[in-house]
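Each remark here refers to the structure printed beneath this line.
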Amino acid sequence: MAALADYSAYRATIAVPEDEETARQREELKEAAKLVAELADKLGRAPTACVVTFGCQMNARDSEKLCGILLEAGYELTEDEEADLVIYNTCTVRDNANQRVFGRLGHLHAMKKKNPGKRIALCGCMIQEPTVIEKIRQSYSFVDLLFGTHNLYKFPELLHRMLLGGGMLIDVWDKTDAIVEDLPVLRKYPFKSGVNIMFGCDNFCSYCIVPYVRGRERSRSSKEILREVEKLAADGVVEVMLLGQNVNSYGKGSEGELSFPELLREVEQVEGIHRIRFMTSHPKDLSDELISVMRDSKKICRHLHLPVQSGSTEVLKKMNRRYSREQYLDLVGRLRSAIPDLALTTDIIVGFPGETKADLEETLSLVEEVKYDNAFTFIYSPRTGTPAAQWPSCMTEEEISEGFDRLLKLVQQTARESVSRLEGRVEEVLVEEMNERDPSLVTGRLSGNVLVHFPGDASMIGHFYDVKLKENRGFYYIGERI
Ligand code: 5AD
Ligand code: SF4
């Protein structure tokens, strides 16, 4: 069995219950804890739990919530899937994410045959799809618990019921307006944290399943967000990442609520927070006010993830992105003239239905023009229930894969060029962890999100250092502390 992960340094943020649902879940957590204690007596050790996260930052944050609850219930957390309880927090944005989960479930089944007391739970976006639930019911009956994205806050209750036994428990809602605050959270990093500012998405890009599995857009109250950021700062957090599928439309639809730029201004006032990041920005909602707030801020990082998806106006129209190539490029121009050292990253889809070879050339030329610091490139994956899934493709599989390879090469080349502007500079780095391969190095991040490896030790984790950026290795730097 692999070594248990050392979570002892990570503190749980446990707050006073605020409303009835929170109080109810806290009662459920106590009941679950009694059953976990009984299990510990039987096993002669604390039962172990392993949470595996697929997908995006929102899922990573949700997993921290699951871990907080598991820890309080009495589980010992591990990264080993031999654990007594394994939870897969799934993603369904592309089909390969689903396939990976189904593939790995086979291994979990083999483990459960050897250890019948093992419990397996699945949650997250995939579980919001009725076809997935049906498939699991039919062919993966060894799974103990299924729950979706809308009722994650009910996890204490679901854990309790699962531990009572009685066959596969399925609790999936198709929507919710509730935002339940103040359940335990176990942060992965003591010094940085994601903060949900909104849930769901109303954009309905024609390829995307997120609005269907994460539901309608709803913003958390700015008071709650600021309270959380203040609590995190008091707890030693120096960097927050404000999370939402479409942060630029924060507050819309909640009367009297702050706008996103106003929220950023407030977060900036929180003492102890040195870096503010946010994710994800939709180009159509990025306001001039946001650009000036970023420009004037001392804390907002010089990085913007601005998914373009395609460089062809025709394709963007079919994708329902609601901006043209020209509008996107104009926005990039305005951002760069206001904030010259801004690092830009993006997402791009290749092989969208109706995309022609000429459209793909437009995407390549846009990448050449913008020179992103990094770009995440995806081959289009049809998602059942989305409009684009019905539309035929214009390119053959070979053309798509050849186009994808060309795009990848171009991204690598332009990213290297773009990142090389930093070579020789001295920049502030927040050290995040020990280097995975070389124990004499630490790994940290620049304000612009580029990783830097430089000589150091574990005592430096969570602290800022001035580092000379000596060697550009493409997407990262080798540096030296000065
Ligand atoms: N196929 C391929 N990529 C997709 N994305 C979202 N939906 C799909 C899909 N059906 C990509 C987009 C988005 C990122 C998170 O995932 O580029 O920005
Ligand atoms: Fe999906 Fe578009 Fe919403 Fe992003 S903005 S989550 S791509 S629908």
Side-chain angles (χ1 to χ4, degrees), residues 53-62 90-100 124-126 128-129 132 149 196-219 243-250 252-253 260 278-286 304-312 315-323 328 331 344-355 359-360 363 366-367 370 372 374-393 395 397 400-401 403-404 407-408 411:
T53 310
F54 298 81
C56 68
Q57 302 276 353
M58 303 282 268
N59 262 19
R61 184 65 180 155
D62 285 349
T90 64
C91 167
T92 187
V93 82
R94 285 169 294 277
D95 189 53
N96 53 7
N98 291 37
Q99 294 317 321
R100 268 172 62 210
C125 293
M126 228 174 112
Q128 289 297 139
E129 290 185 90
V132 168
T149 56
N196 296 111
I197 64 165
M198 59 200 301
F199 302 95
C201 180
D202 281 353
N203 283 323
F204 290 95
C205 299
S206 61
Y207 50 83
C208 185
I209 200 163
V210 168
Y212 306 89
V213 294
R214 287 266 171 187
R216 296 291 59 72
E217 205 169 276
R218 48 213 189 276
S219 296
L243 295 172
Q245 302 293 350
N246 186 16
V247 290
N248 296 336
S249 68
Y250 171 80
K252 286 183 188 158
F260 184 54
F278 52 85
M279 188 98 125
T280 294
S281 280
H282 194 303
K284 79 171 164 57
D285 297 315
L286 202 150
L304 193 64
H305 185 65
L306 196 63
V308 65
Q309 312 298 1
S310 167
S312 150
V315 173
L316 289 169
K317 226 182 257 163
K318 291 179 192 145
M319 287 177 161
N320 193 30
R321 292 291 290 176
R322 285 171 278 175
Y323 54 84
Y328 184 90
L331 177 59
L344 278 177
T345 56
T346 201
D347 293 340
I348 301 171
I349 298 175
V350 176
F352 182 77
E355 185 183 29
D359 291 320
L360 188 60
T363 299
L366 181 133
V367 168
V370 176
Y372 293 102
N374 203 351
F376 301 94
T377 50
F378 308 106
I379 289 185
Y380 169 71
S381 166
R383 310 309 295 125
T384 310
T386 62
Q390 311 287 334
W391 305 339
S393 182
M395 290 192 277
E397 265 183 43
I400 292 172
S401 119
F404 181 81
L407 177 64
L408 202 61
V411 164

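Note that ligands are numbered from 1 as they come in the structure, with each ligand's atoms numbered from 1 the same way. Residue numbers count from 1 along this sequence. Scope of the values below: all heavy atoms of this structure, side chains included, with no hydrogens, waters or symmetry mates.
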remark   = re atom 7 (S) of ligand 2, the protein heavy-atom contact at minimum distance is Y207 OH, 3.3 Å
task = Could you list which atoms of ligand 2 come closer than 4.0 Å to a heavy atom of P211?
result = 8 (S)
request  = Please verify whether a non-hydrogen atom of I209 lies at under 4.0 Å from ligand 1.
outcome  = no
ask   = Has C208 got an N/O/S atom less than 2.8 Å from atom 1 (Fe) of ligand 2?
value = yes
remark   = Under 4.0 Å from one or more heavy atoms of V93, ligand 1 contributes atoms 6 (C), 7 (N), 8 (C), 9 (C), 10 (N)
ask   = Are R383 and Y207 in a cation-pi contact, defined as NZ or CZ under 6.0 Å from the six-membered ring centre and within 45° of the axis?
value = no
ask   = Relative to atom 14 (C) of ligand 1, which among T377, I348, D347 owns the nearest non-hydrogen atom?
value = D347
ask   = Where does I379 meet ligand 1, judged by heavy-atom distances below 4.0 Å: at the side chain, the backbone, both, or neither?
value = backbone
query = Quick one: nearest non-hydrogen protein atom to atom 7 (N) of ligand 1, plus distance?
reply = Y207 CD1, 3.3 Å
ask   = Does any donor atom in the side chain of T280 or Q245 lie under 3.5 Å from an acceptor atom in the other side chain?
value = no
message = Let me confirm one number: the CG-OG distance from N203 to S249, rounded to the nearest 0.5 Å.
response = 6.5 Å
note = Per side-chain hydrogen bond (donor to acceptor under 3.5 Å, both in side chains), D202 is matched among R216, R218, K252 by R216
query = So which heavy atom on F352 is nearest to which on A388, and how close?
reply = CE1-CB, 3.8 Å
remark   = The closest protein heavy-atom partner of atom 10 (N) of ligand 1 is S381 O, 2.7 Å
remark   = So CG of N246 and CE of M279: to nearest 0.5 Å the spacing works out to 13.5 Å
request  = Please write down residue, atom name and distance for the protein heavy atom closest to atom 11 (C) of ligand 1.
outcome  = R94 NH1, 3.2 Å
request  = Go through ligand 1 atom by atom and flag the ones less than 4.0 Å from a non-hydrogen atom of R383.
outcome  = 10 (N)
ask   = Is there a donor-acceptor contact under 3.5 Å linking the side chains of H305 and N374?
value = no
task = Check whether the ring centres of Y212 and F204 lie less than 6.0 Å apart, and answer yes or no.
result = yes
request  = Report yes or no: does a heavy atom of R321 sit under 4.0 Å from some atom of ligand 2?
outcome  = yes
Which of the ligand 2 atoms, numbered from 1, are nearer than 4.0 Å to a heavy atom of C201 = 3 (Fe), 5 (S), 6 (S), 8 (S)
task = Determine whether the side chains of T92 and N98 contain a donor N or O and an acceptor N or O closer than 3.5 Å.
result = yes
inquiry  = I want to confirm something. Looking only at heavy atoms, which of S249, C205, S281 is nearest to atom 2 (Fe) of ligand 2?
reply    = C205
query = When rounded to the nearest 0.5 angstrom, what distance separates CZ in R61 from CG in N196?
reply = 6.5 Å
inquiry  = For the residue pair E355 / S312, report whether a side-chain donor-acceptor contact shorter than 3.5 Å exists.
reply    = no
query = Which of the atoms in ligand 1, numbered in the order shown and given with their element, are less than 4.0 Å from a heavy-atom of I349?
reply = 3 (N), 4 (C), 5 (N), 12 (C), 17 (O)
ask   = Closest non-hydrogen protein atom to atom 5 (S) of ligand 2, residue and atom name please, with distance?
value = N203 ND2, 3.3 Å
query = In ligand 2, which numbered atoms sit nearer than 4.0 Å to a non-hydrogen atom of F204?
reply = 8 (S)
Element-labelled atoms of ligand 2 that are located less than 4.0 Å from some non-hydrogen atom of H282 = 5 (S)
ask   = What residue and heavy atom of the protein are closest to atom 17 (O) of ligand 1, and at what distance?
value = Q309 OE1, 2.6 Å
key: Separation between CD1 of I349 and CZ of F376, rounded to the nearest 0.5 Å   = 14.0 Å
